[in-house]
Amino acid sequence: MTTNCAFLENELMDVARLFKTRPFEVLHNFCFENGVFFNEFIVDGEKFFFKNEGVPKDEIEFKRLERRFAKLGLYAILSKKYDQTMPWGALTGIRPTKLAYTEKENGRDFKELFNLMQVSAENTLLVERVLKAQEGIYERKDDNTDLFVSIPFCPTKCAYCSFITAPIDKTRCFLPEYLNCLEREIKGSRSLVGNLRSIYIGGGTPFALSLDELEKVLKPLDELVGVEYTVEAGRPDVFSKEKLRLLKEHGVTRICINPQTFSDETLKLIGRKHTVSDVYKAFEMINGMGFDVNVDLIAGLEGETVKTFSSGVQKAVETGAENITVHCLSLKSGAKLKEECSYIENDSISEMIKISREILTGAGYEPYYMYRQKYQAGNNENVGWTKKGKACVYNVDIMEETADNLALGSNAVSKRVFTEKNRIERFASPKDLKTYLEKIDEIIEKRRNFFQKEL
């Protein structure tokens, strides 16, 4: 990929990566004259030329249009060259809903833009449904805050996982000191919390911790309870009635049970040690405890057919879970799966996604948040579905980037959202556990400065 505009190189590469078959060489030349954006491409020796009119009001809008027209041009070339269309057309960003909100806030109909970018009618409707489901939750307001606590420990590491987690039996030596550092972070960050909207303890697998270890995470948060409070309990084989009671005692309102599939054969293939029976036992444990529950599923796991996956979606519905999140398998850096292949070949995944939408809609669920990832099978998306009135505030805030995210622990990325200035700043803690533990004092001080100073 060669372009005279360095700003566009990664954007154009993202378009090329949408296609399994890719051009050997792409040469691109951009210029802007008299209100016209000119994009010239030479793709494997064949020349193409596009011009689009636009009168940007400022530099930000100029960059937006520059990016949009270049990506659309290359997508049109490759789509025709390889006789293939993508469900999201020339859109490559991870947050289509955020783009839709931007269009609406500027007085434009987002559907016109999605049509220009050749997004499918089904996906345009999906975005419209998500925006509708977020009414009453979506709020852009400075000082709104969500609190995230990272527990990077798991029973085993799954083949598709890119997180820094490693089997807890290999990392338990770090755990006592990690919990001490986490407690210091929580106590040292209370003054940084603005208008608290939610608390989320994620992983990893927080329930991989023992009862005493889990309490050491929960107790320092007691002063902040009274909002939506999620613990990503995770794999059902580490559930216990005692851990669930502990969550209730500390004000937790929502938990996640993440089987990823309702097939015992698939669970073995992806490196899980639990069974489908364990999933149902976890639901029996939580029965009557008053938690809202999310169930995670993944479309495209090794060996699963459309029938296997659709059966799993139906079984998830039958559990009565308030939220069901359907992820689409993607290649992630650091995951074993990414080391084994560079493109996910599974012609059935788009059909799996289509059927999941039909099943969940028919069962009374609505899509309430969504996001996309690079190297995602079939160029599809991940969607969170909810029963009426049960949408997760944290997921809406984090995906739409409308609130500060005060993130604590190893590999936690804090965000400050400046609504009026239309800007987001980030502060990342070290991924490596050893580095995190060694630099804890520095991390606490830098985060305090990050949230207190005016940027």
Side-chain angles (χ1 to χ4, degrees), residues 1-3 8-30 37-52 65-94 96 99 110-127 299-300 302 304-307 309-310 326 328-331 337-338 340-358 370 372-383:
M1 178 70 67
T2 303
T3 175
L8 292 174
E9 183 174 350
N10 289 334
E11 301 284 347
L12 294 174
M13 283 297 297
D14 284 344
V15 173
R17 290 190 190 101
L18 295 175
F19 298 86
K20 177 187 176 184
T21 304
R22 298 166 191 168
F24 177 75
E25 182 180 45
V26 176
L27 304 177
H28 170 252
N29 187 61
F30 166 78
F37 292 78
F38 295 94
N39 285 282
E40 180 185 63
F41 292 91
I42 301 177
V43 179
D44 290 343
E46 188 175 359
K47 185 176 289 188
F48 303 87
F49 188 75
F50 300 90
K51 61 179 182 179
N52 302 90
L65 294 177
E66 180 184 9
R67 177 170 54 240
R68 179 179 301 168
F69 294 139
K71 290 167 65 174
L72 185 58
L74 183 58
Y75 175 79
I77 295 166
L78 300 184
S79 181
K80 184 176 181 180
K81 182 179 178 69
Y82 303 123
D83 190 27
Q84 188 177 8
T85 59
M86 300 296 161
W88 290 98
L91 290 185
T92 58
I94 66 173
L99 179 59
F110 81 87
K111 293 189 285 294
E112 293 180 4
L113 171 60
F114 278 41
N115 184 56
L116 172 69
M117 300 302 282
Q118 300 184 38
V119 176
S120 71
E122 293 80 9
N123 282 350
T124 299
L125 177 60
L126 175 67
V127 170
E302 183 180 357
E304 291 213 337
T305 63
V306 172
K307 184 177 179 181
F309 176 74
S310 59
V326 178
C328 189
L329 190 65
S330 64
L331 298 178
L337 183 63
K338 182 77 175 339
E340 296 173 347
C341 63
S342 61
Y343 190 93
I344 299 173
E345 294 188 62
N346 190 331
D347 295 334
S348 300
I349 289 181
S350 291
E351 182 66 16
M352 292 178 182
I353 296 300
K354 178 176 180 291
I355 290 176
S356 72
R357 293 183 187 182
E358 293 172 354
M370 63 157 294
R372 303 180 64 217
Q373 294 168 288
K374 290 184 179 181
Y375 309 108
Q376 195 151 28
N379 292 297
N380 288 291
E381 70 289 321
N382 307 313
V383 180

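In what follows, every heavy atom counts, from backbone to side chain, and hydrogens, waters and symmetry copies are set aside.
We find the CG-CZ distance between L78 and R17 to be 13.0 Å, quoted to the nearest 0.5 Å. To the nearest 0.5 Å, atom CE of residue M1 and atom CD of residue E9 are 7.5 Å apart. Rounding to the nearest 0.5 angstrom, the gap separating the OH atom in Y82 from the CZ atom in F19 is 8.5 Å. Within the model, atoms CG of N39 and CD of E66 stand 8.0 Å from one another, a figure rounded to the nearest 0.5 Å. Rounding to the nearest 0.5 Å gives a distance of 12.0 Å between CG of L91 and CG of D14. Rounding to the nearest 0.5 Å gives a distance of 10.5 Å between CD1 of I77 and CD1 of I42.
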*asked:* Under the criterion side-chain contact (heavy atoms from CB on, under 4.5 Å), I'd like the reasoning laid out for D44 against K81: C-alpha separation, chi angles, the key distance, then a yes or no.
replied: CA-CA 11 Å; D44 290 343; K81 182 179 178 69; 3.7 Å; yes
*Check step by step if side-chain contact (heavy atoms from CB on, under 4.5 Å) holds for N379 and R372.*
CA-CA 8 Å; N379 292 297; R372 303 180 64 217; 4.1 Å; yes
*Test side-chain contact (heavy atoms from CB on, under 4.5 Å) applied to V43 and F48, step by step*: CA-CA 8 Å; V43 179; F48 303 87; 4.1 Å; yes
*Could you walk me through whether Q84 and T21 pass the side-chain contact (heavy atoms from CB on, under 4.5 Å) check?*
CA-CA 10 Å; Q84 188 177 8; T21 304; over 6 Å; no
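A heavy-atom distance below 4.5 Å is not found between the side chains of R357 and V326. Looking at F309 and S356, their side chains come closer than 4.5 Å, going by heavy atoms from C-beta outward. Within the 4.5 Å cutoff, side-chain heavy atoms of T92 are placed close to those of L18. T305 is not listed as a side-chain neighbour of S348, based on a closest heavy-atom distance of 4.5 Å or more. Between L113 and R68 the shortest side-chain heavy-atom distance falls below 4.5 Å.
For the salt bridge (Lys or Arg N to Asp or Glu O under 4.0 Å) test, no residue two or more places apart in sequence or in another chain qualifies with R67. The side chain to side chain contact (heavy atoms under 4.5 Å, CB included) test applied to A90 returns L72, Y75, M117, not counting sequence neighbours. Listed by chain and number, the residues in a side chain to side chain contact (heavy atoms under 4.5 Å, CB included) with E351 are V306, K354, I355 (sequence neighbours excluded).
Taking the six-membered ring where the residue is Trp, F41 and H28 present tilted rings, their angle falling between 30° and 60°.
Counting all heavy atoms, side chain and backbone alike, T85 lies closest to S79 at CG2-OG, 3.7 Å.
More than 12 heavy-atom neighbours from other residues, nucleotides or ligands sit within 6.0 angstrom of CZ on F49.
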